[in-house]
Colleague: 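The following block contains the structure, expressed as structure tokens.
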Amino acid sequence: MKIIVMMKQVASKDAILRISKDGTWIEEGDLSFEVNESDGYALEEALRVREKLGGEVLVCAMGPQRAKSVIKDALARGADRAIHIVGDNLTHLSPYAAASALAEAIRDEQPDLIMTGLQSDDYGYAQTGVIMAELLGMPHATIVIEVDASGDKLRVKRELESGWYQWYSMPTPALLTIQSGISQIRYATLKGIMAAKKKEIKEVVPPAEIVGRPSHQRLKRVYLPQKTKQTQLLGNGDAKAGAVALAERLHVEARVI
Amino acid sequence: MSNGILVFIEHRNGAVSKTSLEAIAAAQSLGSQLQQQVSAVILGVDPDAMAQGIAAYDLAKVVSASNAKLASYTPDGYTDAVEKVVRQLDPQLVVMSHTYLVRDFGPKLAARFEKSLISDCIRTQVAEGSVTFTRRIFLGKLDADVVSDGKAPVFVTFQSGAYRPDQAVKGSGAPIEKREVEVGEIRMSPEPPFQEVKQAVDLSKAEIIVAIGRGIKSKENIALAQKLADVLGGDIAASRPICDAEWLPIDRQIGSSGQTVAPKLYIALGISGAIQHLVGMKNAGTIVAINKDPEAPIFDIADYGVVGDLFEAVPVLTEEIKKIKGLS
């Protein structure tokens with residue numbers, strides 16, 4: 001089975017975000033980056049399917065050269081080879097344009113399965129995988145938490161709302177978007193890190209007609225959220241003093257204890 | 001010339017979902033500001049009875065679109081059906097709720113029109129006939145204003161809670177337009193939905209909840225939060241990463257994929273407040289957040305906040321509450 005995992009590099013969860021001067025994105029210069037959380041789980045699931053059924057796991061990432069760190073990490077964890085769609089100004093692509101570029105980059109590989117995270121931790125559009133499936137003519141399932149690829153048909157467990165679940169079967173090739181927490185992610189071993197150095201990373205350039213097309217949706221402005229509630233901040237940075245004040249307010253003011 | 005707004009109605013087990021009323025409220029609000037009529041579409045094998053219910057709202061019409069292949073939800077079936085209705089009605093805007101179901105087929109639907117959804121919006125602003133959509137990015141840390149520059153239709157989904165169901169305006173009875181829709185091959189076959197073994201813990205009735213997130217750092221540290229919960233006579237709960245790591249069982253998880261709670265006191269320890277968590281607890285009476293990151297989104301909805309190290313704050317808070325309760 002040939003599986004391609006789509007992985008995105010995003011700002012680290014702990015990173016302090018500063019809004020860029022033109023107010024339409026964040027300052028990326030000194031930012032720390034990491035792999036999008038659910039994409040990491042997609043890779044883990046792909047590796048597990050390969051361990052059971054054999055085959056090959058490819059990773060595909062799009063972005064500037066810094067995105068290589070996500071690819072190298074995936075190769076160190078056990079992916080076999082990689083495709084890097086290189087470009088510097090791809091951040092503002094709409095999900096449709098991004099999915100188009102990704103679909104074109106992997107179309108000739110003819111995978112049996114494509115796995116992506118369920119959404120990105122930066123834009124959070126939750127669409128790129130599904131649009132890819134449509135462009136590649138594949139069936140898909142989203143928010144997948146269990147994959148059984150051993151049978152004739154692919155059988156996957158989907159998470160619904162409020163603690164409900166549902167199994168779906170579909171023929172391959174298919175695309176799955178994977179939920180975080182589906183399994184425990186393995187670490188890269190030293191051996192894996194050494195082996196990764198010899199693995200192929202193919203660089204491709206996204207088609208100009210895709211990335212050059214004017215976007216149908218445009219990000220106009222980025223800003224700190226307006227507060228919906230007046231929060232009383234207690235302790236002025238002193239956690240212990242804050243705790244003392246908090247107990248008092250909960251008792252006297254909110255009357256909940 | 002594209003005209004009007006089409007709102008998609010979702011249902012389960014023969015009942016229209018509450019989020020669909022929120023979608024109607026969103027569509028009506030945009031409709032009155034843009035001076036556009038709002039129509040609704042509902043799908044199913046025979047959705048006429050539910051369409052009757054929807055027709056009570058102030059709508060230009062309700063399209064009751066039927067096909068035997070729409071008996072259970074599949075992305076192939078729903079995409080084909082809604083695509084047909086959108087092409088026929090040619091609306092300017094298609095409004096949906098950002099539910100798990102819409103997340104599954106909505107992007108596929110939009111892709112048929114060579115575009116994506118403006119997904120998970122929290123509010124809109126209309127000026128001179130054009131709409132600016134606001135959505136949360138970076139897991140709730142920032143807001144982004146998005147405009148559509150393309151041709152109609154614009155596909156937009158709204159976050160649960162962006163509008164209230166009771167904001168949907170009733171009307172004098174909208175006409176129902178019954179129609180068979182064409183649906184192509186369905187490639188995926190669904191099995192019946194199910195719940196995992198009955199949840200052992202029902203947090204929906206808890207009066208006091210102490211919830212932990214990534215900031216608790218290790219399984220051993222949970223004892224600290226448990227002590228606080230014990231002193232308060234409350235229950236312990238967690239955000240998703242804690243349950244994913246199996247530090248607490250899944251029936252302690254609060255949020256869109258876990259339980260929805262509304263205790264009178266909710267104390268969030270080391271929880272940043274991603275939207276998936278907030279939707280599960282934002283209706284709590286008094287919300288307390290202790291977090292070292294002053295920009296954590298949890299502070300946006302907290303009544304009381306302590307910016308600082310929870311490992312310093314929680315033991316002191318526990319002792320102080322003991323004193324107040326006369327336990328020490």
Side-chain angles (χ1 to χ4, degrees), chain A residues 11 17 94-96 121-127 130-131 134-135 139-143 159-171 180-181 214-225 227-229 231-235 237-240 242-244 246-247 249 251 254 256-257, chain B residues 75-76 99-100 103-104 107-108 111 114-120 132 136-139 141-150 187-191 193-196 199 232 240 244 256-257 264-265 285-286 288 299-309 312-313 316-317 320-321 324-325:
Chain A
L17 304 178
S94 71
Y96 183 80
D121 294 340
D122 49 9
Y123 276 110
Y125 275 121
Q127 298 182 53
V130 177
I131 297 171
E134 173 68 14
L135 295 173
H140 77 266
T142 54
I143 322 183
E159 184 178 295
L160 310 178
E161 273 133 344
S162 314
W164 286 80
Y165 301 91
Q166 189 166 18
W167 285 93
Y168 276 78
S169 306
M170 66 195 74
S180 289
S215 179
H216 63 277
Q217 62 190 61
R218 186 165 53 86
L219 210 157
K220 216 169 61 174
R221 192 164 78 92
V222 167
Y223 49 98
L224 285 171
K227 279 192 164 285
T228 50
K229 236 178 186 178
T231 308
Q232 289 192 40
L233 287 179
L234 308 170
D238 179 342
K240 288 178 183 168
V244 174
L246 176 60
R249 298 290 165 91
H251 181 53
V256 285
I257 52 171
Chain B
D76 279 353
T99 59
Y100 280 29
R103 286 169 62 165
D104 196 55
K108 185 176 171 71
E114 297 187 353
K115 47 174 57 183
S116 3
L117 310 166
I118 301 178
S119 55
D120 210 13
T132 300
R136 288 269 144 94
I137 56 174
F138 290 103
L139 302 168
K141 285 187 189 164
L142 296 175
D143 277 2
D145 285 349
V146 179
V147 289
S148 175
D149 294 334
R187 294 166 294 181
M188 53 289 286
S189 36
E191 297 170 31
F194 62 97
Q195 280 183 298
E196 299 282 69
Q199 291 191 328
L232 286 164
R240 181 165 196 131
D244 281 349
S256 54
S257 49
K264 64 174 189 184
L265 173 61
T286 300
V288 173
F299 286 120
D300 294 344
I301 64 155
D303 299 284
Y304 300 101
V306 176
V307 177
D309 187 347
E312 286 182 26
V316 175
L317 180 61
E320 290 297 312
I321 292 169
I324 289 168
K325 292 195 149 196

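Reminder, nothing fancy here: chain letters follow the sequence lines and each chain counts from 1. Excluded from the calculations below are hydrogen atoms, water molecules and symmetry mates; all remaining heavy atoms, backbone and side chain alike, are included.
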Colleague: Which one, B:S189, B:P75, B:A144, leads in non-hydrogen pairs under 4.5 Å with chain A?
Modeller: B:S189
Colleague: Looking at B:K108, B:R240, B:R136, which has the largest count of heavy-atom pairs under 4.5 Å with chain A?
Modeller: B:R240
Colleague: If the condition is ring-ring contact (aromatic ring centres under 6.0 Å, His included), which residues does B:F138 pass it with, not counting sequence neighbours?
Modeller: A:W25
Colleague: Pick whichever of A:A254, A:A11, A:P214 has the most heavy-atom pairs under 4.5 Å with chain B.
Modeller: A:A254
Colleague: Look at the side chain of A:T231 and the backbone N and O of B:F299, then say whether any donor-acceptor pair between them is shorter than 3.5 Å.
Modeller: yes
Colleague: If I take atom CG from residue A:L17 and atom NZ from residue B:K141, how far apart are they, to the nearest 0.5 angstrom?
Modeller: 5.0 Å
Colleague: Can you find a heavy atom in the side chain of A:Q217 that is under 4.5 Å from one in the side chain of B:S116?
Modeller: yes
Colleague: Among B:V316, B:D303, B:V146, which residue has the highest count of heavy-atom pairs closer than 4.5 Å to chain A?
Modeller: B:D303
Colleague: Give the member of A:G124, A:A243, A:S169 that has the highest number of heavy-atom pairs under 4.5 Å with chain B.
Modeller: A:S169
Colleague: Please look at B:L232 and chain A and tell me whether the side chain, the backbone, both or neither of the residue comes under 4.5 angstrom of a heavy atom of that chain.
Modeller: side chain
Colleague: Is A:Q127 reaching over with its side chain to a backbone N or O of B:L117, donor-acceptor style, under 3.5 angstrom?
Modeller: yes
Colleague: Looking at A:Y168, A:Y96, A:W167, which makes the most heavy-atom pairs under 4.5 Å with chain B?
Modeller: A:Y96
Colleague: Does CD belonging to A:Q166 count more than 12 external heavy atoms closer than 6.0 Å?
Modeller: yes
Colleague: For chain A, which of B:L317, B:D145, B:T286 has the most heavy-atom pairs under 4.5 Å?
Modeller: B:D145
Colleague: Among A:E134, A:R218, A:R249, which residue has the highest count of heavy-atom pairs closer than 4.5 Å to chain B?
Modeller: A:R218
Colleague: Answer yes when B:R187 and B:D76 have at least one side-chain N-carboxylate O distance shorter than 4.0 Å, and no when they do not.
Modeller: yes
Colleague: If you count heavy-atom pairs within less than 4.5 Å of chain A, which of B:S257, B:G308, B:S256 leads?
Modeller: B:S257
Colleague: State whether the number of non-hydrogen atoms from other residues, nucleotides or ligands found under 6.0 Å of B:K264 atom NZ is greater than 12.
Modeller: yes
Colleague: Can you tell me which portion of A:L224 sits under 4.5 Å from chain B's heavy atoms? Options are side chain, backbone, both or neither.
Modeller: both
Colleague: Just so I understand: if I count every heavy-atom pair under 4.5 Å between each of A:G181, A:P225, A:S215, A:P95 and chain B, which residue has the most?
Modeller: A:P225
Colleague: Not counting sequence neighbours, which residues clear side-chain contact (heavy atoms from CB on, under 4.5 Å) with B:T99? List them please.
Modeller: A:E161, B:E10, B:T19, B:S97, B:L101, B:V102
Colleague: For chain A, which candidate among B:D300, B:T132, B:D104 shows the most heavy-atom pairs at distances under 4.5 Å?
Modeller: B:D104
